[in-house]
Amino acid sequence: MKNVAVLGATGSIGASTLDVIARHPQRFRASVLSANADVAGLVALCQRFRPDVAIIAEPSQHAALREGLARSQLSTQALAGPQALVDVVASSVCDTVVAAIVGAAGLGSTLAAAQSGKRLLLANKESIVVAGALLMAAIRESGAELLPIDSEHNAIFQCLPAPAIGAAATPSVRQIVLTASGGPFRGWSRTQLATVTPEQACAHPKWRMGRKISVDSATLMNKGLEVIEARWLFDAAPEAIKVLVHPQSIVHSLVSYTDGSTLAQLGNPDMRSALAFGLGWPERVDAGVADLDLAAIGRLDFEAPDEDTFPCLRLARQALQRGPLATTVLNAANEVAVSAFLQGQLGFLDIPAVLEATLAQVNEGDTTSVSALLALDQTARRTANAQLKRFEA
Ligand code: NAD
Ligand code: MG
């Protein structure tokens, strides 16, 4: 029996994880559930999954969580605050951690899973964008098992020879090709993009996801973050990581070898496949996902990404070339800009403008420890917030 901590249980990845866990009561158990501030949502999940521990990240909601669990007559322990996440992840209450918190807020708990030698199912891409070197070093030192959950990286993991993670890059790999759906605005002009709304940006054609990653998919920043993620996960040279737009989202990514062979992983666009892969690995378990019916799909299309209309992908590549300082600043500024866009305070086309201005201003800082990276993240957030005033919608 695997005891699984589902961090970000009330989110999109959290729901998909719990769906897979519920299909295998003899194999997997949700021993820890966490949420940011939604006590009612977390208590409802506790009623169904009866975990040992429930954690609400927002400290002011501790009493509400305790009362909610007591009213439901559950013996689940109620904890609160970011440090509780770290402590519980490192404890024996779980052997597997699904890192599905959104944003750099997931860094502490993701690193704790890596440092304590757990099986880490990594969906929280922002933590590896910010602290890739430290996270991979922690995995190597502790012997933790990292299974990528981002569908592209999960596909690459499946197409690479073992061990795909933590070893030096495979010399026979010529390139890694990340596919991208292109998001809801594929083919649109900058004139059309100037007036798009958060609702339009969040209406992704192929994936149902949280609002932050949905906007990242619409700007192509999601693919930029994924290029950085791939660099760390697979020890890949940035030039060897390509992006290919594939609107049907059936081919989840590809790996090309020196002999001219290209391996791809295909499936329906449903995150439960990657989560079932990570939970069951090295065995395969039922994910509740329908068989792929290529005859019904009929055709698969591919095209190059449009980096002029969607400059975030280029900004992410440039940040990767500059190093950890730039990728941390990029991520923080992006979190601020996306949040402002979602609140109607920033235009869609101003998102990359805020990133560029913040990257130009924050160019000093230590990146050699987690505390230094978090300090840099805060500086970049303050700078990006100050930039917002220039662009106010
Ligand atoms: P979501 O917004 O649906 O859920 C986020 C979860 O994190 C919620 O449970 C929320 O309560 C929690 N949370 C938010 N802020 C927090 C904080 N400050 N402290 C603690 N918890 C907090 O997001 P999602 O779509 O499930 O994505 C989660 C992560 O997985 C993101 O990093 C995203 O990039 C990645 N991811 C998602 C998908 C997808 O299909 N949804 C695919 C690939 C990768
Ligand atoms: Mg992805």
Side-chain angles (χ1 to χ4, degrees), residues 1-59 61-102 105-106 109-110 112-113 116 118-124 145 147 149 208-210 270-281 283-289:
M1 176 68 79
K2 282 208 172 80
N3 283 304
V4 185
V6 185
L7 309 184
T10 52
S12 158
I13 291 287
S16 294
T17 306
L18 291 170
D19 182 283
V20 175
I21 287 176
R23 288 167 196 277
H24 303 279
Q26 312 300 329
R27 285 182 96 112
F28 310 125
R29 182 173 165 262
S31 62
V32 180
L33 297 177
S34 91
N36 185 29
D38 175 9
V39 169
L42 184 57
V43 169
L45 291 176
C46 290
Q47 287 167 348
R48 177 154 177 232
F49 290 95
R50 305 189 161 260
D52 301 322
V53 181
I55 308 167
I56 197 84
E58 172 51 53
Q61 297 301 308
H62 194 180
L65 177 61
R66 221 182 292 122
E67 285 154 24
L69 292 171
R71 254 199 314 277
S72 313
Q73 295 180 320
L74 291 169
S75 57
T76 301
Q77 189 187 2
L79 298 175
Q83 188 58 41
L85 280 166
V86 170
D87 294 343
V88 168
V89 160
S91 79
S92 59
V93 76
C94 59
D95 44 61
T96 300
V97 176
V98 180
I101 291 173
V102 59
S109 49
T110 301
S116 55
K118 301 289 162 86
R119 171 172 293 202
L120 169 59
L121 275 64
L122 181 67
N124 173 226
E145 281 176 331
L147 281 306
I149 295 305
R208 289 284 148 266
M209 309 181 287
D270 188 323
M271 291 306 294
R272 291 177 301 175
S273 291
L275 288 157
F277 181 89
L279 288 169
W281 187 83
E283 288 170 41
R284 300 268 182 178
V285 301
D286 175 31
V289 177

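The chain is numbered in sequence order, starting from 1.
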Within the distance-only criterion (no hydrogens, no angle test), does the side chain of [X] pair as donor or acceptor with the backbone N or O of [Y] below 3.5 angstrom?
X	Y	result
D95	N3	yes
R119	V4	no
R272	D19	no
T76	P51	yes

From [atom1] ([X]) to [atom2] ([Y]), nearest 0.5 Å:
X	Y	atom1	atom2	value
S273	R284	OG	CZ	9.0 Å
K118	T110	NZ	OG1	13.0 Å
D270	R208	CG	CZ	12.0 Å
Q61	L42	CD	CG	10.5 Å
I13	I101	CD1	CD1	13.0 Å
L79	L85	CG	CG	9.0 Å

* **Test log, rule side chain to side chain contact (heavy atoms under 4.5 Å, CB included), inputs D52 and V32** => CA-CA 6 Å; D52 301 322; V32 180; 5.9 Å; no
Any idea which heavy atoms bring [X] and [Y] closest together, and the distance?
X	Y	result
V89	A113	CG1-N, 3.3 Å
V43	S72	CG1-OG, 3.5 Å
A9	L33	CB-CD2, 3.9 Å
P82	A57	CD-O, 3.8 Å
A22	F49	CB-CE2, 4.1 Å
L69	A78	CD1-CB, 3.7 Å

* Salt bridge present between R27 and D286 (N-O < 4.0 angstrom) ->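 Not counted as a salt bridge, because no side-chain N and carboxylate O are separated by less than 4.0 Å.
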* Can you check side chain to side chain contact (heavy atoms under 4.5 Å, CB included) on L279 and K2, steps first, answer last? -> CA-CA 8 Å; L279 288 169; K2 282 208 172 80; 5.7 Å; no
